[in-house]
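Notes to accompany the following structure.
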Amino acid sequence: MRMRPTLNWTPEDPLPGSTDLEPVVRALAAGGVLVLSGAGISTESGIPDYRGEGGSLSRHTPMTYQEFTAGVRARRRYWARSHLGWRTFGRAEPNAGHRAVAAFGRHGLLSGVITQNVDGLHQAAGSEDVVELHGSLERVVCLSCGARSARRELARRLEEANAGFEPVAAGINPDGDADLTDEQVADFRVLPCALCGGILKPDVVFFGEAVPQRRVEHCRELVREATAVLVLGSSLTVMSGLRFVRQAAQEGKPVLIVNRDPTRGDRHAVTRVGLPLGTSLTTVAGRLGLPVGDGEPACAGS
């Protein structure tokens with residue numbers, strides 16, 4: 001299934017946002033919970049989401065796979081903006097929400113973590129075996145020979161090829177794309193694959209591109225093995241994530257959502273907690289008596 005940019009979405013039968021975290025606490029205490037996270041879990045790390053208040057889709061349409069592969073100008077625009085945005089992503093650090101998820105995993109309460117994010121912050125917080133549904137900005141892939149390489153190496157090459165490239169961006173987006181004008185990117189030099197001279201692309205799933213089928217099947221298996229699905233910071237607007245929520249509901253698995261705004265998956269959920277993620281998950285960890293962060297215990301009375 002190919003992802004499409006969805007700029008507008010009208011909630012159907014949204015759940016009212018609850019402030020009761022007990023259903024989340026009970027689900028995690030029972031163990032076997034599968035986490036499905038979206039851009040909203042990374043906003044407290046300085047990375048904006050797509051559709052929340054001030055979300056990037058209000059000013060920015062993500063690059064599609066078709067655009068990227070169709071022409072040199074589109075790739076120049078993408079790589080110039082992405083190169084600048086990469087600097088911001090490289091400075092981002094895990095927040096309380098990421099650390100709480102890592103704590104749940106360390107104490108055996110999770111069956112897995114699927115993230116729609118490409119920022120690597122779950123892993124940086126200590127979560128293991130994270131399925132990156134949409135790939136990672138940490139890697140680059142050649143569309144000709146298929147070789148994968150580290151993004152930091154391409155960043156070094158781009159720095160050398162574009163000395164003095166220091167534009168001021170209007171904003172940074174969840175896909176690592178900075179908001180720059182066509183004039184600001186006009187002279188940016190795009191580099192080919194160092195092995196074959198082919199077109200380089202970040203190892204992420206663009207809108208208009210399909211999530212690899214083996215990855216989808218792995219995620220479906222994780223849903224089958226889970227006792228419940230906990231959605232964190234995702235509007236579930238694109239089908240790539242929503243399909244797993246639908247699967248869980250069809251299999252009789254409870255779906256719990258922590259997201260401040262209504263989501264496309266509300267009709268399948270037993271609850272939607274409309275509270276900030278960092279505070280909510282830290283509170284949940286505290287009620288479960290779990291240490292968070294660098295081994296400091298969460299406050300059980302929070």
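Computed from a predicted model, the values in this text were never measured in an experiment. What's counted below: heavy atoms across the whole structure, side chains too, no hydrogens, waters or symmetry copies.
A single hydrophobic cluster is not seen to contain both Val211 and Val141; linkage of ILVMFWY side chains at heavy-atom distances under 4.5 Å, directly or through other members, places them apart. Hydrophobic clustering places Leu191 together with Trp86 (ILVMFWY residues linked when any side-chain heavy atoms are closer than 4.5 Å, directly or through intermediates).
By the 30° and 60° cut-offs, the orientation of the rings of Tyr78 relative to Phe206 is tilted. Below 30°, between 30° and 60°, or above 60°: for Trp79 and Phe68 the angle between ring planes is above 60°, a perpendicular geometry.
Tested against Gln123, the residues Glu138, Glu128, His98, Glu132 include a single side chain to side chain donor-acceptor pair (under 3.5 Å) partner, Glu132.
Heavy atoms from other residues, nucleotides or ligands lying under 6.0 Å from CZ of Arg220 number more than 12. Under a cut-off of 6.0 angstrom, the local environment of CG in Asp20 is crowded, with over 12 non-hydrogen atoms contributed by other residues, nucleotides or ligands. Crowding of Glu93 atom CD: a count of heavy atoms from other residues, nucleotides or ligands under 6.0 Å not exceeding 12.
Distance alone, capped at 3.5 Å, is enough to place a donor-acceptor pair between the Thr43 side chain and the Gly40 backbone. The backbone N or O of Val223 lies less than 3.5 Å from no partner atom in the side chain of Gln247, so there is not a single donor-acceptor pair.
Comment: Glu153 engages Arg156 in a salt bridge, judged by a side-chain N to carboxylate O separation of less than 4.0 angstrom. For Arg224 and Glu221, the salt-bridge test passes: some basic side-chain N is under 4.0 Å from an acidic carboxylate O.
Within the 4.5 Å cutoff, the side chain of Leu34 has no heavy atoms near those of the Lys253 side chain. Put simply, the side chain of Gln116 reaches to within 4.5 Å of the side chain of Val238, judged on heavy atoms.
Taking every heavy atom of both residues into account, Val292 and Ala103 meet most closely at CG1-CB, 4.1 Å. Shortest non-hydrogen contact noted between Val24 and Val258 is CG2-CG2, 4.3 Å.
Under 3.5 Å, the side chains of Ser82 and Arg151 contain a donor-acceptor pair of N or O atoms.
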